[in-house]
Amino acid sequence: MNVRGTVAGDVAVKTVTTSYGESELAEVPVRLERDPETGEPIAGDDATAPTTVTCWGKWVESAQLLEPGMELSVTEAETDEYRGEVRYSTTSDSYVVVEPGFLVNVTAIRSWVECPRLYYLNKLSGVPLNYPVVKGTLVHEVFGDLLRGRALEEAIEERIDERGLELGLLGESPDSVAEEVRQNAAAIEGWLEQGRLTDEDDWRSEQLLISETFGIRGRADAIRRGAPVELKTGKNLRKEPRFKDKIQAACYALLLEENGDPVDTGTLLYTKNSALDRNEETGDLTPAKDFSMGNGLLKYVVRVRNELAAMEARGAVPTGNEGNAKCEYCFERDTCMVVSGRLDQESKAGQIGQPLPEEELEHFERFYRAIEEERAEVHREYAKLWEQTAEERADDDRALIDLEFLEKRPLEGGRWELRARKEGAATSKLREGDLVLASDGHPVRGNSELARIEVLDEEVVLTADEPVEVTRLDVYPSELTTDRLLVALHDALLKGEGRRKDVLFGRVEPEFEDLDETFIDNNDAQNEAVRMAVGARDLALIHGPPGTGKTYTIARAVRAMVERGERVLLSAFTNRAVDNLLEALLEQGFSDFVRVGTESGVRRDIQPYRLERSGDPEERLEELQDAQVVAATTATCGSRVMKEQVFDVALVDEAAQLTEPGTYAAINLASRFVLVGDHQQLPPVVRAENELSTSLFERLVDVHPEAGVMLDRQYRMNQRIQAFASSAFYDGELRPATPAVASRTLDDLEGVSRDALPEHLRDPVSFVDVPGDDERYTDTEEAKTIAELIETYEAAGLDPSNVGVIAPFRAQVSEISRHVPNSVAVDTVDRFQGSSEEVIVVSFVASGELEGPIFEDHRRINVALTRPKRALVLVGDAAALEGDSVYRELLEWAQA
DNA sequence: GCTCTGCTCAGAGGA
């Protein structure tokens with residue numbers, strides 16, 4: 001039976017004498033969530049009384065890592081009664097897992113075994129672009145292709161082509177790379193031939209494995225007869241596989257064992273060994289080293305994993321003394337010493353250099369913790385894969401379930417196309433281009449593959465390395481962005497240049513070059529913004545409230561910078577914002593830019609400017625290197641390719657939506673930077689509530705108000721509409737740019753007559769009182785009223801495509817969508833940010849007592865209220881809204 | 001307790 005619970009007190013370690021001799025044991029007080037025998041939740045007094053779990057033998061090591069509050073799981077436990085009390089203890093088949101909900105990567109365990117500090121350094125500073133790594137990746141890809149039955153030369157050619165950009169940056173030619181890959185592949189092929197003779201088909205490549213029992217996840221290179229095969233392109237001239245390689249294979253064995261039969265062997269394939277390791281007697285090529293995996297090794301792996309998980313749970317930093325690696329042999333020794341020195345950390349290798357100033361150290365630690373909290377949230381997403389039922393996942397929009405599997409079709413190159421049919425109404429967070437877990441029923445327990453969504457319609461089309469009869473798709477939680485945030489933070493504070501940091505921490509005032517030039521004629525604030533952006537030696541902050549032409553202003557600034565011969569990085573958090581900037585540049589007749597990003601992320605009209613990753617290395621390199629303007633999301637700025645690029649200036653739009661480390665990812669690449677945003681609109685999207693919720697933009701506006709300028713004239717809203725937002729959010733400083741803007745009404749639109757509208761809708765701002773229904777996240781009455789409103793507007797001559805409807809909840813969005821014509825854009829506030837419509841209808845979904853904020857915080861209301869140009873209609877239950885002071889003011893304004 | 005976008009994924013190797 002499996003025992004699982006929360007550690008409720010201190011662990012006691014004892015030595016006892018048993019019939020087998022002296023033994024160590026650890027007694028752990030554990031508060032169980034469920035009865036281990038029945039699986040029923042424990043209720044009442046029993047829930048608070050801790051049970052003792054005894055860990056015998058080597059598991060004492062893992063038990064000693066535990067602290068109150070940590071999670072513990074023991075498999076194959078047995079019950080024993082001790083002085084009338086029911087207790088549990090480990091058996092010879094047990095595994096003890098510390099913090100099982102924390103899914104540790106196989107490669108993390110591998111580097112932890114080598115040296116715990118190496119694990120930490122990898123996490124902090126990432127792995128830069130280098131040739132051995134790219135070559136290793138290529139050989140692995142070709143290996144996978146061979147297993148999937150592809151011809152060698154074809155595989156080599158295509159895989160190298162795919163990495164054109166990276167190879168270009170590394171200055172490698174396709175021919176020489178192909179030759180090296182070919183040499184490695186020869187070893188693989190030779191070995192495969194032997195394997196095929198005895199065992200034709202029992203192979204599979206690249207499987208993503210997740211273990212809910214052991215809290216481990218990873219991707220195995222290949223599986224042969226149920227056992228892991230791990231490919232290594234590095235050198236190993238010794239007879240035995242390297243220890244860390246064995247550990248890696250053993251991790252996959254554990255993962256495979258969870259859903260299948262016990263695994264007792266592993267194979268390591270050292271492809272560089274072929275020529276060197278020829279067996280003199282038989283003449284065989286022997287790149288493969290098989291080794292047996294006993295229980296002891298597998299348990300060791302879990303103990304190592306426990307060390308890592310416990311260290312992360314405590315928020316501690318490894319010193320390197322935990323292991324027994326020799327620093328003299330370590331590749332990362334210098335990095336290790338520098339990081340230790342800069343962060344004033346204890347480390348086995350020692351320290352070099354001066355520590356960061358106290359305030360920077362403190363800043364680093366706070367953000368490090370915040371990012372790790374964010375990572376923990378990603379891990380929680382993983383746990384939901386098995387903790388929630390399929391139905392709960394679907395209700396949470398995290399899965400599409402009950403798909404009807406249609407077909408699997410082999411594609412050229414050994415990959416597969418999978419098709420399934422979904423019910424039309426089913427919704428989820430999944431979008432085309434996303435990576436998902438495609439399974440035949442359960443993403444962890446069933447047959448499951450990492451797949452990409454090619455088409456998401458009534459019929460779903462996926463591509464994957466291996467076929468699976470897909471009936472369910474789950475969101476795949478990725479740590480990629482968290483990883484990149486950490487590296488960006490590290491780069492900003494540890495590698496950051498002195499003056500940059502002085503400015504960031506408010507120790508030095510930003511400087512500006514005095515420019516006389518007029519860039520924009522009839523808008524002083526915009527002109528000043530461009531002047532500051534162009535003349536900034538350190539930074540400039542442009543505050544752009546709704547409709548004030550910030551995109552236009554940025555585009556103008558970019559052109560001015562380009563004229564001065566500067567190389568410019570354009571960035572923003574979302575793909576949409578990046579493409580909007582480029583659109584503005586195109587409108588101003590400038591098209592000499594390159595867009596870096598994924599095919600599914602970049603908007604159709606910007607695709608011609610998108611940098612292909614594949615192709616001739618020199619050509620790809622030139623395209624990127626020669627581009628004076630490069631545009632990418634901040635996440636992409638943290639990619640290996642972008643990190644090789646250097647810019648004079650980074651311009652970041654929608655900066656108020658970015659976390660501080662997220663902003664660093666972009667500005668780390670440039671010597672000066674301009675942030676553009678509005679901290680009165682949406683804040684960063686983060687899972688955990690912590691420092692990440694405040695943007696660098698907002699912080700710097702406070703620290704350096706003199707480096708900022710606010711665009712104060714808006715080109716969007718009728719005066720009546722903007723009045724509330726201006727006074728509530730912009731100190732009354734937001735004004736219509738022209739009298740024409742101030743007085744714009746629906747009458748200006750062709751064929752529309754306000755006189756045809758009922759009295760109460762003729763004003764640019766109106767309120768429609770709907771006593772709502774009592775549903776929490778939907779309101780059918782409001783939805784019906786909104787549908788009627790749209791008909792009324794239509795009758796007055798307005799095309800429904802000029803109406804946008806904003807609702808606070810997704811449930812209400814779909815409710816309203818069912819009632820109104822397709823041409824009406826219905827969405828949440830978040831998705832409306834950055835766009836506008838002639839008429840905006842806001843659905844409040846409030847009735848009875850207001851329970852908590854509807855549009856979460858004031859910034860969401862601001863966004864909702866500032867989308868319309870000519871008319872704003874608020875729809876809600878007046879009696880309910882009046883219960884909240886902000887909404888009461890809003891009603892007074894709307895009904896004035 | 002709601003709102004939400006990123007990203008090839010994870011792993012690739014250097015003596």
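Residue numbering restarts at 1 for every chain, and letters A, B, ... go by the order of the sequence lines. These numbers come from the heavy atoms of this one structure, side chains and all, not from hydrogens, waters or symmetry mates.
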Side chain of [X], heavy atoms from C-beta onward: which of [options] has the nearest atom to it?
| X | options | result |
| --- | --- | --- |
| A/Asp434 | B/dC7, B/dG13, B/dT3 | B/dC7 |
| A/Thr598 | B/dT8, B/dG14, B/dG11 | B/dT8 |
| A/Val685 | B/dC4, B/dG11, B/dA12 | B/dC4 |
| A/Asp830 | B/dG14, B/dC4, B/dG13 | B/dC4 |
| A/Val127 | B/dT5, B/dG13, B/dT8 | B/dG13 |
| A/Phe809 | B/dA15, B/dG13, B/dT3 | B/dT3 |
| A/Phe573 | B/dC2, B/dG6, B/dG11 | B/dG6 |
| A/Arg860 | B/dT3, B/dC7, B/dG14 | B/dT3 |
| A/Pro132 | B/dG11, B/dG14, B/dT8 | B/dG14 |
| A/Thr828 | B/dG13, B/dT3, B/dT8 | B/dT3 |

In whole angstrom, give the distance that lies between atom [atom1] of [X] and atom [atom2] of [N].
| X | N | atom1 | atom2 | value |
| --- | --- | --- | --- | --- |
| A/Glu206 | B/dA10 | CD | C1' | 9 Å |
| A/Arg242 | B/dA12 | CZ | P | 11 Å |
| A/Asp653 | B/dT5 | CG | P | 17 Å |
| A/Arg398 | B/dT3 | CZ | P | 10 Å |
| A/Glu114 | B/dG11 | CD | C1' | 14 Å |
| A/Arg613 | B/dC9 | CZ | P | 9 Å |
| A/Glu479 | B/dC9 | CD | P | 12 Å |
| A/Ile806 | B/dT3 | CD1 | C1' | 13 Å |

Return the orientation label for the A/His679 and A/Phe697 ring planes: parallel under 30°, perpendicular over 60°, tilted otherwise.
-> tilted
OP1 or OP2 of [N] versus the side-chain N and O atoms of [X]: is any pair under 4.0 Å?
| X | N | result |
| --- | --- | --- |
| A/Arg810 | B/dC4 | yes |
| A/Lys135 | B/dG13 | no |
| A/Tyr252 | B/dG11 | yes |
| A/Gln248 | B/dA12 | yes |
| A/Thr107 | B/dG11 | yes |
| A/Arg831 | B/dT5 | yes |
| A/Thr633 | B/dG6 | no |
| A/Thr636 | B/dC7 | yes |
| A/Asn575 | B/dG6 | yes |
| A/Ser478 | B/dT8 | no |
| A/Lys232 | B/dG13 | yes |
| A/Tyr131 | B/dA12 | no |

Using the test ring pair (Phe, Tyr, Trp, His ring centres under 6.0 Å), find all partners of A/Phe367 that sit at least two apart in sequence or belong to another chain.
-> A/His363
Residues which pass ring pair (Phe, Tyr, Trp, His ring centres under 6.0 Å) with A/Phe214, listed by chain and number, not counting sequence neighbours | A/Tyr95
Pairing residues for A/Glu454 by the side-chain hydrogen bond (donor to acceptor under 3.5 Å, both in side chains) criterion, not counting sequence neighbours |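 A/Glu454 satisfies side-chain hydrogen bond (donor to acceptor under 3.5 Å, both in side chains) with A/Thr463 only.
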Qualifying residues under side-chain hydrogen bond (donor to acceptor under 3.5 Å, both in side chains), relative to A/Glu374, sequence neighbours excluded |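 With neighbours one apart ignored, the set is empty.
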Sequence-distant partners of A/Asp397, salt bridge (charged side-chain N to carboxylate O under 4.0 Å, His left out), two or more places apart | A/Arg810
NA contact type, [X], heavy-atom cut-off 4.0 Å: base, sugar-phosphate, or nothing?
| X | answer |
| --- | --- |
| A/Arg640 | base |
| A/Glu332 | base |
| A/Thr574 | sugar-phosphate |
| A/Arg576 | sugar-phosphate |

Salt-bridge contact A/Glu381-A/Arg398 (side-chain N to carboxylate O under 4.0 Å) = yes
Can we say A/Arg159 and A/Glu162 salt-bridge, meaning some charged N sits less than 4.0 Å from an Asp/Glu carboxylate O?
-> yes
Near-strand residues of residues 482-489 of chain A, defined as heavy-atom separation under 4.0 angstrom from DNA chain B | A/Arg484
Residues A/Leu581 and A/Ser571: closest non-hydrogen pair is CD1-O, 4.2 Å
Taking every non-hydrogen atom, the tightest pair across A/Ala783 and A/Glu815 | CB-CG, 3.8 Å
In whole Å, what separates the C1' atom of B/dC7 from that of B/dG11?
->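 Looking at atom C1' only, B/dC7 and B/dG11 are 16 Å apart.
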Pick the C1' atom in B/dA12 and in B/dT8, then give their distance to the nearest Å.
->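 Straight-line distance between the two C1' atoms is 14 Å.
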Quick one: on DNA chain B, does A/Thr634 or A/Val133 contact a more 5' nucleotide (nearest heavy atom)?
-> A/Thr634
Would you please name every residue forming a side-chain contact (heavy atoms from CB on, under 4.5 Å) with A/Asn580, sequence neighbours left out?
-> A/Arg576, A/Glu583, A/Arg603
What's the spacing between A/Phe143 CZ and A/Thr271 OG1 if we round to 0.5 Å?
->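 Between A/Phe143 CZ and A/Thr271 OG1, I get 9.5 Å after rounding to 0.5 Å.
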Stem list, DNA chain B (Watson-Crick or G-U pairing under 3.5 Å, at least 3 consecutive pairs) |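 Runs of three or more consecutive pairs: none qualify.
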For residues 122-140 of chain A, which residue pairs qualify under salt bridge (charged side-chain N to carboxylate O under 4.0 Å, His left out), counting only residues two or more places apart or in two chains?
-> A/Lys123-A/Glu312, A/Lys123-A/Glu372, A/Lys135-A/Glu180
